**Student:** 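Can you keep this structure in mind? I'll have questions shortly.
All values reported here derive from a predicted model rather than from experimental measurement.
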Amino acid sequence: MKTAPKNGRRAVRGSRALRTPGGLSLRLDVRALVVVALLLVAALAASVVLIGTGDFPIPAGDVVRTLLGDGDPGQEFIVNELRLPRVLVGLLVGASLGLGGALFQSISRNPLGSPDVLGLSQGSTAGALVVIVLMSGSATEVTVGALVGGLATGAAIYLLAWKQGVHGYRLVLVGIGVNAVAVAVNGYLLTKADLVDAARAVVWMTGSLNGRGWEQVWPLTLLCAVLVPLVLANARGLRMMEMGDDLSHALGVRVERVRALLMVAAVLLTAAATAAAGPVAFVALIAPQLARRLTRSPGPNLVPSLCMGATLLVAADWASQRAFGADQLPVGVVTGVVGGLYLLWLLVAERRAGRI
């Protein structure tokens with residue numbers, strides 16, 4: 001009899017309910033809001049430091065003044081034309097991967113259900129390689145190829161995993177198989193390329209923010225402006241679906257419609273991020289897991305995952321420049337090393353828990 005009141009008081013302290021004059025109510029998770037705020041501050045601080053890092057270092061105070069329009073002409077050129085677009089691409093790519101990973105992990109109900117494991121990143125890579133190797137396409141054509149490859153891979157996974165609905169482990173297993181096929185296709189394409197195209201493709205496949213400019217910023221910004229509100233509008237249905245399809249149906253959720261819509265959104269986010277920066281490894285896997293551990297909240301944790309992905313990618317890019325010098329180590333190498341170690345730890349933890 002004493003446990004229930006304590007749990008009740010803990011729930012009240014952990015969340016707040018807001019009511020409007022019209023009778024609508026909204027529950028706010030205070031801890032999640034604090035985590036999101038701290039992640040945003042960390043992402044902004046890392047961005048300012050990253051903008052000031054390079055062959056011509058700029059103090060953080062001067063970076064902020066330049067961003068506010070009070071810098072000298074030399075600093076304005078370096079900050080606004082050379083470094084700011086790269087940082088914005090990093091933030092947008094990280095946010096897209098974090099949100100896409102959270103969607104896939106929630107839909108599959110599996111911590112391994114990320115675009116890296118399911119083959120979407122490799123599918124987008126295959127589309128880009130077709131353009132690079134077989135068509136010697138421009139940067140814009142490579143972007144289109146990556147988007148088409150990602151969408152085709154997502155459609156293949158969904159159709160192959162369909163059997164009176166799409167369920168978690170079937171989706172993951174089919175995705176692992178599709179990933180293996182895509183890796184083989186990518187290897188074959190590299191063997192058919194000449195030396196120049198192969199070198200260009202390998203650089204792109206590492207995942208890098210080097211040379212990224214405003215031409216990558218605007219498409220990503222537009223896509224996120226459309227997809228993020230769409231995803232958040234369906235967040236309630238996604239949370240209900242984690243309790244099972246039957247219960248979700250009983251609560252009025254159109255399960256397959258919501259699942260298909262959110263999968264398309266996750267595929268587009270992942271493909272667009274891959275098109276902009278190459279297949280940056282493991283951010284989509286790590287960000288939702290870290291966000292859930294920080295918020296200690298069940299459910300998809302969409303906004304915390306988005307913020308965590310942006311923070312992780314910018315911090316990884318800063319670490320790669322500080323450790324090895326500007327433009328010497330692609331950010332995808334850093335995230336690959338850290339993400340690989342995290343994946344090994346996750347597999348061991350899942351095995352000890354008896355879930356695999």
**Student:** Using modelled atom types only, decide if a donor and an acceptor are shared between the side chain of Asp116 and the backbone of Phe282 within a distance under 3.5 Å.
**Tutor:** yes
**Student:** Assess whether side chain to side chain contact (heavy atoms under 4.5 Å, CB included) is satisfied between Arg31 and Arg296, documenting all intermediate values.
**Tutor:** CA-CA 8 Å; Arg31 184 183 178 91; Arg296 298 178 186 175; 3.3 Å; yes
**Student:** Any side-chain heavy-atom pair from Ser305 and Pro300 closer than 4.5 angstrom?
**Tutor:**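 Of all side-chain heavy-atom pairs linking Pro300 with Ser305, none is under 4.5 Å.
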**Student:** Is there a chain of hydrophobic side chains (I, L, V, M, F, W, Y, each step under 4.5 Å between heavy atoms) that links Val49 to Leu68?
**Tutor:** yes
**Student:** Roughly how far, to the nearest 0.5 Å, is CG of Leu118 from OH of Tyr158?
**Tutor:**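 If I round to the nearest 0.5 Å, the distance is 14.0 Å.
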**Student:** Any non-hydrogen side-chain atom of Val117 less than 4.5 Å from a side-chain atom of Phe104?
**Tutor:**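 No, side chains not in contact.
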**Student:** Going through the distances and angles, do Arg83 and Val63 end up as a side chain to side chain contact (heavy atoms under 4.5 Å, CB included)?
**Tutor:** CA-CA 11 Å; Arg83 297 180 182 173; Val63 171; over 6 Å; no
**Student:** Quick check on the hydrophobic clustering: are Leu67 and Val217 connected, directly or via other members, by side-chain heavy-atom contacts under 4.5 Å?
**Tutor:**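 They do share one cluster, since a chain of ILVMFWY contacts under 4.5 Å joins Leu67 to Val217.
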**Student:** Check whether any side-chain heavy atom of Leu92 sits under 4.5 Å from a side-chain heavy atom of Leu223, and report yes or no.
**Tutor:** no
**Student:** Kindly give the heavy-atom pair with the smallest separation between Met205 and Thr125, and that separation in Å.
**Tutor:**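 In terms of heavy atoms, the two residues are closest at CG-CG2, 3.8 Å.
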**Student:** Take the angle between the ring planes of Trp218 and Trp214 and call it parallel below 30°, perpendicular above 60°, tilted in between.
**Tutor:**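 Geometry flag for Trp214 against Trp218: parallel rings.
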**Student:** Test side chain to side chain contact (heavy atoms under 4.5 Å, CB included) on Met308 and Leu294; report intermediate values, then the result.
**Tutor:** CA-CA 10 Å; Met308 178 62 75; Leu294 287 177; 3.3 Å; yes
**Student:** If two hydrophobic side chains count as joined below 4.5 Å and joins carry through other members, does Leu160 share a cluster with Ile176?
**Tutor:**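 Yes.
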**Student:** Closest heavy-atom contact between Leu129 and Leu189?
**Tutor:** CB-CD1, 3.7 Å
**Student:** Please name the pair of heavy atoms, one in Ala273 and one in Leu220, separated by the smallest distance, quoted to 0.1 Å.
**Tutor:**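 Residues Ala273 and Leu220, closest heavy atoms: N-CD2, 4.3 Å.
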**Student:** CG/Leu302 to SG/Cys307 distance, rounded to the nearest 0.5 angstrom?
**Tutor:** 11.0 Å
**Student:** Run through Val48, Ile51, Leu50, Val331 and flag the one making a side chain to side chain contact (heavy atoms under 4.5 Å, CB included) with Val314.
**Tutor:** Leu50
**Student:** Ignoring hydrogens, what is the shortest heavy-atom contact between Ala271 and Gly150? Give both atom names and the distance.
**Tutor:**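 What the structure gives for the nearest pair is CB-CA, 4.1 Å.
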**Student:** Just grab all the salt bridge (charged side-chain N to carboxylate O under 4.0 Å, His left out) pairs involving residues 203-215, residues at least two apart or on different chains.
**Tutor:** none
**Student:** Applying the side chain to side chain contact (heavy atoms under 4.5 Å, CB included) criterion to Leu312, which one of Thr335, Val338, Asp317, Leu290 satisfies it?
**Tutor:**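 In the set Thr335, Val338, Asp317, Leu290, the residue that makes a side chain to side chain contact (heavy atoms under 4.5 Å, CB included) with Leu312 is Leu290.
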**Student:** From Gln75 CD over to Phe56 CZ, what is the distance, rounded to the nearest 0.5 angstrom?
**Tutor:** 6.0 Å
**Student:** Any donor and acceptor pair, going by atom type alone, linking the side chain of Gln289 with main-chain N or O of Ile286 inside 3.5 Å?
**Tutor:**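 Absent.
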**Student:** Which heavy-atom pair separates Leu171 from Ser108 by the least distance, and what is that distance?
**Tutor:**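 Shortest heavy-atom separation between Leu171 and Ser108 comes out as CD2-CB, 3.9 Å.
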**Student:** Using a 3.5 Å distance criterion without hydrogens, assess whether the side chain of Ser124 forms a donor-acceptor pair with backbone atoms of Leu120.
**Tutor:** yes
**Student:** For Arg293, is the CZ atom crowded, meaning more than 12 foreign heavy atoms sit under 6.0 Å from it?
**Tutor:**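 Counting other residues, nucleotides and ligands, CZ of Arg293 exceeds 12 neighbours.
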**Student:** Nearest heavy-atom pair of Leu103 and Leu262: which atoms, and what distance?
**Tutor:**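 In terms of heavy atoms, the two residues are closest at CD1-O, 3.9 Å.
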**Student:** Decide yes or no for Gln105 and Leu285: does some side-chain heavy atom of the first lie under 4.5 Å from some side-chain heavy atom of the second?
**Tutor:**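 They are in contact (side-chain heavy atoms under 4.5 Å apart), so the answer is yes.
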**Student:** Do Arg292 and Ser297 pass the side chain to side chain contact (heavy atoms under 4.5 Å, CB included) test, and can you show the C-alpha distance, the side-chain angles, and the key distance before you say yes or no?
**Tutor:** CA-CA 6 Å; Arg292 179 170 293 188; Ser297 174; over 6 Å; no
**Student:** So, the side chain of Glu76 versus the backbone of Thr66: is there a donor-acceptor pair under 3.5 Å, distance only?
**Tutor:** no
**Student:** If hydrophobic clusters are built by linking Ile, Leu, Val, Met, Phe, Trp and Tyr wherever their side-chain heavy atoms come under 4.5 Å apart, do Leu88 and Val79 end up in the same one?
**Tutor:** yes
**Student:** Find the distance between CG (Leu269) and CG (Leu227) and round it off to the nearest 0.5 Å.
**Tutor:** 5.0 Å
**Student:** State, yes or no, whether a side-chain contact exists between Val333 and Ser320 at a heavy-atom distance under 4.5 Å.
**Tutor:** no
**Student:** With a 4.5 Å cut-off on side-chain heavy atoms, are Leu91 and Leu313 touching?
**Tutor:**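 Leu313 does not reach Leu91 side chain to side chain.
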**Student:** Hey, quick one: are Val258 and Leu268 part of the same hydrophobic cluster, counting side-chain heavy atoms closer than 4.5 Å, chains of contacts allowed?
**Tutor:**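 Looking at the clustering, Leu268 is in the same group as Val258.
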**Student:** Output the distance between atom OG1 (Thr153) and atom CD (Gln122), rounded to the nearest 0.5 Å.
**Tutor:** 9.5 Å
**Student:** With side chains defined as the heavy atoms from C-beta onward, is the minimum distance between Leu230 and Val226 less than 4.5 Å?
**Tutor:**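 They are not in side-chain contact.
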**Student:** Can you tell me how far apart OG (Ser106) and CG (Asn301) are? Round to the nearest 0.5 Å.
**Tutor:**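 Here the interatomic distance stands at 9.5 Å.
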